[in-house]
Amino acid sequence: MAEVVWAQFLSPAGRLLEKPVSQVRQERLEERAEVWRPMRYRGRRAIATWWRPAGQARLTGCATLGALEAALSLEFDPQVVSFTSWPVRLAWAGSAEGYVPDFFARLADGRARLLVCRTSERAAGGWEEASRLLEAAGEQAGWDVRVHPGADDTAAAANRQRLARYRHARLADADTARVLHQVFASPRPFTDGVKASALPELATVARALHLVWMRELLIDWSSPFVPARSLVWSPQGVR
């Protein structure tokens, strides 16, 4: 008989609840507060910071810079609707030891995803056992469980970091988008297209980069994005 995984999480009112993880399938954990936060102490190598997902009022915690990259990967994933940090603690039934995944995400099809970051601390502290716990929790709750691969020094990652500041929906503008789809009907350098639009430059740059982030305007993500040289094009083509 499989070992039962239990979950601790907060109710919408902030009360701590504990249930077998199989009974947590319908809980909207992406809307719940944290059950844990990283402790600050002298000599800590990791850098705790906060990320504001687009369209969400609440900040998402990142215990390390690697976790910040993981949050950015969730933000960029078109399948992810919303996500938050540390909303659930997992443990084997009867165990005093627990494990808090870094992120809980809700996908567009309604499924849930756990995303965890394997750090050197966790590797030394029993990553194999944590992996077994996560796998069992995923099977019992019907969650998709993934491990973030760690630091990403590719051009695509650098592009995501640079363009993430333009992720917010407030930059969307239908009239500007219509003009930009026309000027980028054929591939051309980003800067040339912005100038050709004859729209106010500063606002248009921000709105155009928002379209790039949303993949409504396309670039070669595998190459460093350089506005004066990088080609941009519309998937709509000429209308």
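Remember, predicted model here, so these are calculated numbers, not experimental data.
Within a 6.0 Å sphere centred on CD of E97, heavy atoms belonging to other residues, nucleotides or ligands number 12 at most. The environment of CG in L202 is sparse: at most 12 heavy-atom neighbours from other residues, nucleotides or ligands sit within 6.0 Å. Around CD of Q56, the count of heavy atoms belonging to other residues, nucleotides or ligands within 6.0 Å exceeds 12. With a 6.0 Å radius and a threshold of 12 heavy atoms from other residues, nucleotides or ligands, R25 has its CZ atom above the threshold.
By the 4.0 Å N-to-carboxylate-O rule, K195 lies too far from D192 to be salt-bridged with it. With respect to the salt-bridge test (charged N to carboxylate O, under 4.0 angstrom), the residues R113 and D77 qualify. Between R58 and E31 there is no salt bridge, since no side-chain nitrogen of the basic residue lies less than 4.0 Å from a carboxylate oxygen of the acidic one. A salt bridge links R37 with E34: the closest approach of a Lys/Arg side-chain nitrogen to an acidic carboxylate oxygen falls below 4.0 angstrom.
Considering F9, W36, F103 as possible partners of W86, the one that fulfils the ring-ring contact (aromatic ring centres under 6.0 Å, His included) test is W36. Partner H210 forms a side-chain contact (heavy atoms from CB on, under 4.5 Å) with one of L163, L171, D173 and no other, that one being L171. Applying the side-chain contact (heavy atoms from CB on, under 4.5 Å) test between V212 and each of N159, L180, L218, I219 identifies I219 as the sole match.
Side-chain heavy atoms closer than 4.5 Å link hydrophobic residues (I, L, V, M, F, W, Y) into clusters, and following such links, even through other members, never connects L211 to L231. F104 and V81 sit in two unconnected hydrophobic clusters of ILVMFWY residues. Membership requires side-chain heavy atoms under 4.5 Å apart, directly or through other members. There is no path of hydrophobic side-chain contacts, each under 4.5 Å, that joins W233 to V205. Y99 is connected to L17 through a chain of hydrophobic side-chain contacts under 4.5 Å among Ile, Leu, Val, Met, Phe, Trp and Tyr, so both are in one cluster. The cluster map of Ile, Leu, Val, Met, Phe, Trp and Tyr, joined by side-chain heavy atoms under 4.5 Å apart, puts L107 and M214 in the same cluster.
A distance-only check finds a donor-acceptor pair linking the side chain of R52 to the backbone of A57 [under 3.5 Å]. Using modelled atom types, one side-chain atom of R188 and one backbone atom of V183 make a donor-acceptor pair closer than 3.5 Å. A donor-acceptor pair under 3.5 Å links the side-chain atoms of Q140 to the main chain of E3, judged by distance alone. Checked by atom type and distance alone, the side chain of R160 never pairs as donor or acceptor with a backbone atom of A164 at under 3.5 Å. Judged purely by atom type and a 3.5 angstrom limit, T191 uses its side chain to pair as donor or acceptor with the backbone of P227. Within the 3.5 Å criterion, the main-chain N or O of W92 finds no donor-acceptor partner in the side chain of S95. Side chain of R32 to backbone of L10: a donor-acceptor contact under 3.5 angstrom is found.
A137 and W143 make their closest contact through O-CE3, 4.3 Å (heavy atoms, listed as atom of the first residue, atom of the second, distance). Minimum heavy-atom separation, V80 to L74: CB-O, 3.5 Å. Heavy atoms only, all atoms of each residue included: S230 and P224 are closest at OG-O, 3.4 Å. In plain terms, the two heavy atoms of L217 and A208 that are nearest each other are CD1-O, 4.1 Å. The nearest pair of heavy atoms linking S234 to H181 is OG-ND1, 2.7 Å. Heavy-atom minimum distance, A67 versus C117: CA-SG, 3.6 Å.
Below 30°, between 30° and 60°, or above 60°: for F190 and F225 the angle between ring planes is above 60°, a perpendicular geometry.
A 4.5 Å side-chain heavy-atom check between K19 and E27 finds at least one atom pair inside the cut-off. With contacts defined as side-chain heavy-atom distances shorter than 4.5 Å, the pair R132/E135 does not qualify. Residues L29 and V24 meet the side-chain proximity criterion, which asks for heavy atoms closer than 4.5 Å. E30 is not listed as a side-chain neighbour of P87, based on a closest heavy-atom distance of 4.5 Å or more. In this structure, the side chains of P101 and V88 come closer than 4.5 Å at one or more pairs of heavy atoms. Side-chain contact between S131 and V116 is absent, with no heavy-atom pair separated by less than 4.5 Å.
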Worked verdict on D102 versus T64 for side chain to side chain contact (heavy atoms under 4.5 Å, CB included): CA-CA 10 Å; D102 293 274; T64 65; 5.9 Å; no
Full working for side chain to side chain donor-acceptor pair (under 3.5 Å) between E75 and W51: CA-CA 10 Å; E75 186 83 59; W51 177 265; 2.8 Å; yes
Evaluation steps, side chain to side chain contact (heavy atoms under 4.5 Å, CB included), between E18 and W6: CA-CA 7 Å; E18 187 170 7; W6 281 69; 3.6 Å; yes
Step-by-step side chain to side chain contact (heavy atoms under 4.5 Å, CB included) determination, V100 to L90: CA-CA 6 Å; V100 180; L90 304 172; over 6 Å; no
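Separation of atoms OG (S73) and CG (L115) is listed at 5.5 Å; rounding is to 0.5 Å. Going from atom CZ of R229 over to atom OG of S223 covers 10.5 Å, rounded to the nearest 0.5 Å. Note that CG of L199 and OG1 of T176 are 5.5 Å apart. Values are rounded to the nearest 0.5 Å. One finds the CZ atom of R167 at 10.5 Å from the CZ atom of R165 (value rounded to the nearest 0.5 Å).
A cation-pi arrangement is present between R215 and F76 under the rule of less than 6.0 angstrom and at most 45 degrees off the ring axis.
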